[in-house]
**Student:** 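Can you keep this structure in mind? I'll have questions shortly.
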Amino acid sequence: MRDHLLSVFDSITPINYYPPKLQVFKPEHINKFRKLDEVGEFTSEFMLVATELIMIQEKTNYPEGSQTQKLYRAFGVKDRFSVIQKATWRG
């Protein structure tokens, strides 16, 4: 899912309308991640949709921003502390 979300980030473009519309998500994307629904609190569908909306917001409000991208890149590569630090950094 991490790699999929990183490719979504690369595909997202800023918007100038409200409410935002999903640009990449398709219901069939859920099938690939359905097994993840067995663990955790949120479904894979929720994670895919919510993350895409966050990415649209970041690209719209901070066109040069990439905090979400950096956070997802850190998953599976960095230790847990490094990921939490990226998610909570306010500098």
Side-chain angles (χ1 to χ4, degrees):
M1 182 179 272
R2 177 195 78 123
D3 293 340
H4 175 79
L5 290 171
L6 286 169
S7 71
V8 168
F9 186 86
D10 292 337
S11 301
I12 296 293
T13 58
I15 61 170
N16 60 3
Y17 52 85
Y18 183 84
K21 296 177 187 135
L22 296 172
Q23 298 176 18
V24 178
F25 176 80
K26 302 228 181 319
E28 56 267 20
H29 293 162
I30 301 166
N31 296 332
K32 185 175 182 180
F33 307 109
R34 186 126 358 241
K35 192 113 171 110
L36 294 174
D37 292 349
E38 297 172 13
V39 296
E41 186 174 343
F42 301 107
T43 65
S44 54
E45 179 179 17
F46 174 83
M47 293 302 296
L48 292 170
V49 170
T51 302
E52 183 170 335
L53 289 171
I54 291 168
M55 291 174 174
I56 291 169
Q57 179 272 331
E58 182 178 34
K59 289 247 183 144
T60 299
N61 295 335
Y62 307 99
E64 301 302 317
S66 62
Q67 193 63 25
T68 306
Q69 183 184 41
K70 289 177 186 173
L71 178 64
Y72 277 95
R73 278 193 181 145
F75 284 133
V77 178
K78 304 278 185 179
D79 60 274
R80 187 178 337 178
F81 176 76
S82 298
V83 174
I84 293 168
Q85 182 181 24
K86 285 188 185 325
T88 59
W89 183 74
R90 300 278 181 217

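Just so it is clear, the values below take in all heavy atoms, side chains as well, and ignore hydrogens, waters and symmetry mates.
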**Student:** Where is the tightest heavy-atom contact between T60 and P14, given as atom of each residue plus distance?
**Tutor:** OG1-CA, 3.6 Å
**Student:** Determine whether L48 and L5 make a side-chain contact, defined as any pair of heavy atoms from C-beta on separated by less than 4.5 Å.
**Tutor:** yes
**Student:** Side-chain contact, heavy-atom cut-off 4.5 Å: K21 with I15?
**Tutor:** no
**Student:** Output all residues satisfying side-chain contact (heavy atoms from CB on, under 4.5 Å) with F42, sequence neighbours left out; order by chain, then residue number.
**Tutor:** F46, M47
**Student:** Please assess Q67 against Y62 for the test side chain to side chain contact (heavy atoms under 4.5 Å, CB included), listing each intermediate value before the final yes or no.
**Tutor:** CA-CA 10 Å; Q67 193 63 25; Y62 307 99; over 6 Å; no
**Student:** Cut-off 3.5 Å, side chains only: do T43 and D37 have a donor facing an acceptor?
**Tutor:** no
**Student:** For residues 44-69, pull every pair meeting salt bridge (charged side-chain N to carboxylate O under 4.0 Å, His left out), keeping only residues two or more places apart or in separate chains.
**Tutor:** none
**Student:** What's the spacing between E38 CD and R34 CZ if we round to 0.5 Å?
**Tutor:** 11.0 Å
**Student:** Mind running side chain to side chain contact (heavy atoms under 4.5 Å, CB included) on F9 and T51 for me, showing each step along the way?
**Tutor:** CA-CA 9 Å; F9 186 86; T51 302; over 6 Å; no
**Student:** Taking all non-hydrogen atoms of both residues, which atom of R2 and which atom of F75 are closest, and how far apart?
**Tutor:** CD-O, 3.1 Å
**Student:** Side-chain heavy atoms under 4.5 angstrom apart, residues restricted to Ile, Leu, Val, Met, Phe, Trp, Tyr: same cluster for I54 and I56?
**Tutor:** no
**Student:** Drop me the distance from Q57's CD to I12's CD1, to the nearest 0.5 angstrom.
**Tutor:** 12.0 Å
**Student:** Take Q23 and V8, measure what side chain to side chain contact (heavy atoms under 4.5 Å, CB included) needs, and give me the verdict at the end.
**Tutor:** CA-CA 9 Å; Q23 298 176 18; V8 168; over 6 Å; no
**Student:** How many angstroms lie between CZ in F25 and CG in L53, if you round to the nearest 0.5 Å?
**Tutor:** 10.5 Å
